[in-house]
Amino acid sequence: MVALTASFAAAPSAATITMAMAKKRSGGTVCYAELSFPSFLPKQVENIKDTFARKLATRIDRLPVPVGFSDNSIMSSCVRPLIQSKTSPVVLLHGFDSSCLEWRYTYPLLEEAGLETWAVDILGWGFSDLERLPPCNVASKREHFYQLWKSHIKRPMILVGPSLGAAVAIDFVANHPEAVEKLVLIDASMYAEGTGNLATLPRIAACAGVYLLKSIPLRLYVNVLAFTGISFGTSLDWTNVGRLHCLYPWWEDATVDFMISGGYNVSAKIQQVKQKTLIIWGEDDQIISNKLAVRLHCELPNATIRRIPDCGHLPHVERPNSVAKLIVDFVQEDCYKEIECVSQY
């Protein structure tokens, strides 16, 4: 395994970046009121203090996605790119029960680097309109994402999946390899056998368990596991960001539907993936063992691995500079090789 060099392991924390940028943009005083949010977001978005989360939230849009399991198109939430680049588009997924706001720190860095970048909400989570609740099992999530890609992205992509989003990515590329040029997997949750015993629970018990998922104490505890050395104030605000989508009336039913459907079980599909893959792993991940990073590296036929020191389970939140640099280099490496080849003639 190759650890990152000190030059980009030393990126400042996301919380530090957020406060510095907020003060800079408001003449030294942190100001939040100037942003205008889409009307479909839960009103509690106004309570979020994180400047980067607030700014990215203003760019969330809903696009119509036709699917075979519903008579109506699903108005599907995402952040669309402001630019179209010559390189393949980068499409960012998120982890379990999360949203595109997970990318609040890394997304602007990728965009500043000139990459055409999408941040897409997985069906059942995020900010899509699910008032007419569709099935939210693995097959439905896959078809929804494929139809979104086919309708709006339309080109082979660099697909980025963190945590459970890595399982979503593996399941997708195994079924639609033509849609994916390269893969980036971040602290991948790849070897769990779906939702395990939760799939056998009576629906009423599943509802009770899912209800706990949006509780503030549980989310604060998960932050303790996921991140290294953040303050309580930051953890509380990140909790509010992470549970914002849970405030929709359909969130509970959508999540229960996923849990009792069995969830993702993709370990048998890993070796089917032929695309070039970058594995990124936080060295201090307390949720998924580093040993599984080694196993994944061995099982993927065409993969490289990079570890980020002093970093937990979500490097794109905790070390955005490091993750952005790795993704940009991975996207552009073939361009560099072409330039080198041409320069030799």
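Being a predicted model, the structure only gives us computed values, none of them experimental.
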Verdict with supporting geometry, Arg307 and Asp284, salt bridge (charged side-chain N to carboxylate O under 4.0 Å, His left out): CA-CA 10 Å; Arg307 296 169 62 189; Asp284 297 331; over 6 Å; no

Asn137 and Ser140: CA distance, side-chain angles, deciding distance, side-chain hydrogen bond (donor to acceptor under 3.5 Å, both in side chains) verdict: CA-CA 5 Å; Asn137 54 40; Ser140 298; 2.9 Å; yes

More than 12 heavy atoms from other groups under 6.0 Å of CZ on Arg62: yes

Verdict with supporting geometry, Glu333 and Lys276, salt bridge (charged side-chain N to carboxylate O under 4.0 Å, His left out): CA-CA 12 Å; Glu333 63 182 358; Lys276 192 168 187 178; 2.8 Å; yes

Backbone of Asp171 reached by a side-chain donor or acceptor of Asn175 within 3.5 Å: yes

Backbone N/O of Trp118 and side chain of Arg80: donor-acceptor pair under 3.5 Å: no

Test: Arg219 and Asp97 ion pair at under 4.0 Å: yes

Gln275 side chain vs Pro177 backbone, donor-acceptor pair below 3.5 Å: yes

Check: Ser235 side chain, Phe232 main-chain N or O, donor-acceptor pair, under 3.5 Å: no

Whether Tyr105 and Phe52 hold their rings parallel, tilted or perpendicular, with breakpoints at 30° and 60°: tilted

Mutual orientation of the aromatic rings belonging to Trp250 and Tyr248 [parallel < 30°, tilted 30-60°, perpendicular > 60°]: parallel

Side-chain donor/acceptor of Ser98 to backbone N/O of Phe96, under 3.5 Å: no

Donor-acceptor side-chain pairing of Trp251 and Thr255 below 3.5 angstrom: yes

Side-chain donor or acceptor of Glu143 paired with backbone N/O of Gly68 under 3.5 Å: yes

Under 3.5 Å, side-chain donor or acceptor atoms of residues 122-133 against the rest of the protein: list the pairs with distances, not counting sequence neighbours.
{"unit_1": "Ser128", "atom_1": "OG", "unit_2": "Ser77", "atom_2": "N", "d": "2.9"}
{"unit_1": "Ser128", "atom_1": "OG", "unit_2": "Ser77", "atom_2": "OG", "d": "3.2"}
{"unit_1": "Asp129", "atom_1": "OD1", "unit_2": "Glu131", "atom_2": "N", "d": "3.1"}

Nearest-0.5 Å distance that lies between atom OG1 in Thr234 and atom CG in Leu236: 9.5 Å

Option among Ile170, Val273, Val138, Val168 that satisfies the side-chain contact (heavy atoms from CB on, under 4.5 Å) test with Val266: Ile170

Option passing side-chain contact (heavy atoms from CB on, under 4.5 Å) with Trp281 (candidates Val294, Ile308, Ile288, Leu185): Ile288

Full working for side-chain hydrogen bond (donor to acceptor under 3.5 Å, both in side chains) between Glu111 and Thr117: CA-CA 6 Å; Glu111 206 164 54; Thr117 308; 6.0 Å; no

Donor-acceptor contact below 3.5 Å, side chain Asp61 vs main chain Val79: no

Pair Leu159-Val173, side chain to side chain contact (heavy atoms under 4.5 Å, CB included): steps then yes or no: CA-CA 9 Å; Leu159 184 57; Val173 75; 5.5 Å; no

Residues, nucleotides or ligands: over 12 heavy atoms within 6.0 Å of Glu299 CD: yes

Donor-acceptor under 3.5 Å (Ser151 side chain, Trp149 main chain): no

Whether Glu116 side chain and Ser85 backbone form a donor-acceptor pair below 3.5 Å: yes

Atom OH of Tyr221: over 12 foreign heavy atoms under 6.0 Å: no

Proximity of Trp103 and His316 rings by center, below 6.0 Å: yes

Arg319 side chain to Gly312 backbone, donor-acceptor under 3.5 Å: no

pair Leu314-Asp187: side-chain heavy atoms closer than 4.5 Å: no

Side chain to side chain donor-acceptor pair (under 3.5 Å) against Ser163, all qualifying residues, sequence neighbours excluded: His313

